[in-house]
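Right, one structure below, let's go through it.
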Amino acid sequence: MTTSGQAAVATAGHGGSTPGTRIEIRNLTKHFGSVIAVANLTFDVEPGRITGFLGPNGAGKTTTLRMALGLVRPTSGTALIGGVPYRRIARPLRVVGSALEATNFHPGRSGRDHLRVLGDTAGIGAARVDELLDLVGLKDAARKRAGGYSMGMRQRLGLAAALIGDPPVLLLDEPTNGLDPEGIRWLRGFLRHLSSQGRTILISSHLLSEVEQTVDDVVIINHGRLVKAGPIEELHGESTCLVRTSDPTRLAQALSDSAGVRSHPAEDGALVASTADLRLVGDIALKTGLPIWELRAQGGDLEQLFFALTEEPSGAAQTGAVA
Amino acid sequence: MNGAIRSEIRKVFTTRLWWGMALGMAALAALISMGFAALVSTDFGDGGDQPGGNQGNPFARMTVGTAQLIYNAGLVQQMTTLFPLALGTLLITSEYRHKTISATFLSTPNRWVVMVSKAIAVSVTGVLYAVVHAAASVGGGAAILIGVKGEPTLLDQGEVWKSLGIGVIAFVVWMLFGFGIGMLIRNQIAAVLIGVGVAFVAQIALNVIFTVQEWYSAMKWLPGNLTANMLITSDPVEGQQVDPATQSQYFEFWWQSALVLLVYAAVLAVSGAFLTTRRDVT
Ligand SMILES: Nc1ncnc2c1ncn2[C@@H]1O[C@H](COP(=O)(O)OP(=O)(O)OP(=O)(O)O)[C@@H](O)[C@H]1O
Ligand SMILES: [Mg+2]
């Protein structure tokens with residue numbers, strides 16, 4: 001609308017000085033009454049990479065995305081896309097594409113009309129809309145009412161809506177939700193392709209396994225707090241070992257006391273220790289006078305690790321997030 | 001801004017709601033007009049023995065004012081005003097019900113631009129509804145006047161057409177009432193029930209109370225009465241004996257009623273829009 005907005009898009013859009021557009025989340029906090037949905041969250045999302053935004057249900061993923069998109073006002077902190085807050089981007093659909101929930105369509109409006117309504121705001125016409133419907137494989141259902149679409153079709157329509165302005169940044173909330181394995185594979189290839197063009201892509205999920213093969217980086221949150229951020233290989237690198245003994249609680253205490261090794265109980269009385277050093281675990285068990293019934297390395301079981309990371313009580317935030 | 005307006009207008013016309021409501025409204029408007037036309041040159045409309053003073057019989061003979069009453073009968077009866085009210089409310093609240101409001105604010109982050117665009121789209125729809133309403137009412141009313149009553153339709157009179165033109169303001173205002181209520185309440189069912197409840201039930205109750213109490217000058221501030229008084233620019237009871245006290249239920253000029261209505265609509269719409277620009281969209 002304004003000239004300052006026009007200036008903002010120059011830095012946020014394709015014409016920035018660095019190739020690609022970075023997302024910067026800085027000390028982002030949101031309270032809903034007494035509920036702390038997001039607590040002092042800081043991370044970056046890099047261009048040319050796919051970042052998985054992970055956390056269990058209620059972790060604060062959607063709230064964070066909505067703050068980044070200017071829909072929810074942060075209690076404190078900032079979210080910048082290409083150096084500016086979303087609400088200051090003059091032609092937002094051409095800078096950021098987003099899909100928040102697959103159910104956000106008027107059931108009586110056709111998929112094509114939904115995209116045309118969006119396109120109008122950015123001067124995007126019917127030709128581009130039809131091209132997109134083709135791209136996501138919705139050509140045949142385009143003129144049918146969206147109320148009759150399957151979950152997978154809605155996800156595709158949401159993706160088409162996100163891509164309408166050919167934006168350098170994509171924010172997708174649970175895009176794999178409701179997709180069958182074939183659909184997930186299709187999405188993976190599609191996102192890979194988009195990412196290879198240098199786009200910045202952030203996808204949220206509560207299941208690491210669903211995005212494990214898609215993402216380059218992960219940002220894991222729990223109870224609104226950052227748990228882990230970095231390339232996914234670093235996660236793989238953090239291998240653990242499983243140990244079975246007569247008194248797992250005592251062993252856990254001993255591991256923590258004498259070597260600072262964290263551990264958590266696994267099924268049928270086993271213990272998973274966050275170290276790959278089997279000898280260390282064996283020595284400590286011997287010193288503590290505990291028998292070892294089983295001891296083996298667990299090479300980077302991501303799902304286990306994800307549970308370990310997100311099940312850990314995280315201090316002050318945990319009371320806040322139960323709602 | 002132009003893009004946002006085009007988007008909002010396309011939203012209105014890409015679901016079935018607008019023509020379904022238009023159809024229902026047209027049928028009702030035609031029926032009420034036919035009913036009014038059937039009263040011409042009878043003494044059914046005689047207000048002589050009603051509570052309050054003698055207000056005259058607008059149907060005693062066919063005057064320009066009578067024609068205005070017939071061709072705006074649905075609005076004067078405060079029945080068809082409920083259609084633009086409900087449509088305005090439904091159009092806004094369906095954005096919240098189906099959560100499309102997120103997409104709307106994502107494509108146009110300046111929420112005031114969205115609000116103004118919506119108000120314009122809703123007003124454009126109001127103009128269309130006014131045309132549909134006038135066509136249905138004139139069709140229904142004139143058919144009875146010509147076919148049954150053998151009375152002149154008075155459709156050659158400029159004042160009759162002026163009244164139909166003022167109908168456009170009535171529709172825009174009632175659409176904006178709906179828009180404002182929808183923005184304030186957001187919950188679709190609650191907003192429609194409260195809007196229609198206030199417009200219909202509360203107004204009838206207040207009208208009865210004001211008439212019984214003979215608070216004629218208070219009556220003219222009710223939105224429904226303002227609408228009727230704005231539309232009827234020519235006195236249908238001209239030449240009849242009426243209680244002068246009842247005259248204070250009208251403004252002297254039609255545009256005064258129009259102005260009051262527009263102020264009401266602006267207050268509702270702006271306060272709804274203001275809240276919307278501040279609230280989180282979750
Ligand atoms: N409008 C709101 N009012 C009150 N509390 C809210 C609101 N929106 C979210 N919350 C709370 O904030 C916390 C984070 O919710 P959020 O939806 O961001 O989580 P999420 O990580 O997206 O979860 P999911 O995987 O279930 O989608 C939850 O405890 C939720 O109950
Ligand atoms: Mg969520």
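Numbered from 1 within each chain, the chains take letters A, B, ... in sequence-line order.
- Inter-residue side-chain proximity for A:Asn104 and B:His98 is flagged as unmet; no heavy-atom pair is nearer than 4.5 Å.
- The closest side-chain heavy-atom distance from A:Leu69 to B:Phe105 is not below 4.5 Å.
- Counted within 6.0 Å of CZ on B:Arg279, heavy atoms from surrounding residues, nucleotides or ligands total more than 12; the atom is thus considered enclosed.
- Contact count versus chain B (heavy atoms, under 4.5 Å) is highest, among A:Ser98, A:Ala161, A:Pro107, for A:Pro107.
- In this structure, B:Ser102 OG and A:Asp173 CG are separated by 10.5 Å, a value rounded to the nearest 0.5 Å.
- Between B:Thr282 and A:Thr63, the closest side-chain pair of non-hydrogen atoms is not below 4.5 Å.
- Heavy atoms of other residues, nucleotides or ligands lying less than 6.0 angstrom from CZ of B:Phe200 number 12 at most.
- The side-chain heavy atoms of A:Asp113 and B:Thr15, taken from C-beta on, include no pair separated by under 4.5 Å.
- In this structure, B:Arg16 contributes its side chain and A:Gly108 its backbone to no donor-acceptor pair below 3.5 Å.
- With B:Asp280 contributing its side chain and A:Arg73 its backbone, the two residues share a donor-acceptor pair below 3.5 Å.
- Annotation: side chain of A:Leu71 is in contact with side chain of B:Leu106 (closest heavy-atom distance under 4.5 Å).
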Checklist entry - Should B:Thr14 and A:Arg109 be marked as a side-chain hydrogen bond (donor to acceptor under 3.5 Å, both in side chains) after you check the CA-CA gap, both sets of side-chain angles, and the distance that decides it? => result CA-CA 6 Å; B:Thr14 47; A:Arg109 189 175 289 132; 2.8 Å; yes
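- A 4.5 Å side-chain heavy-atom check between B:Glu95 and A:His106 finds every atom pair outside the cut-off.
- The shortest side-chain heavy-atom distance between A:Arg116 and B:Arg6 does not fall under the 4.5 Å cut-off.
- Atom CD1 of A:Ile124 is separated from atom OG of B:Ser7 by 11.0 Å, given to the nearest 0.5 angstrom.
- In this structure, A:Thr121 contributes its side chain and B:Ala4 its backbone to no donor-acceptor pair below 3.5 Å.
- When all heavy atoms of A:Arg87 and B:Thr277 are compared, the pair lying nearest together is NH2-O, 4.0 Å.
- Looking only at side-chain heavy atoms (C-beta outward), B:Val281 and A:Arg66 come within less than 4.5 Å of each other.
- When atom types are taken as modelled, the side chain of A:Tyr86 and the backbone of B:Pro109 share no donor-acceptor pair closer than 3.5 angstrom.
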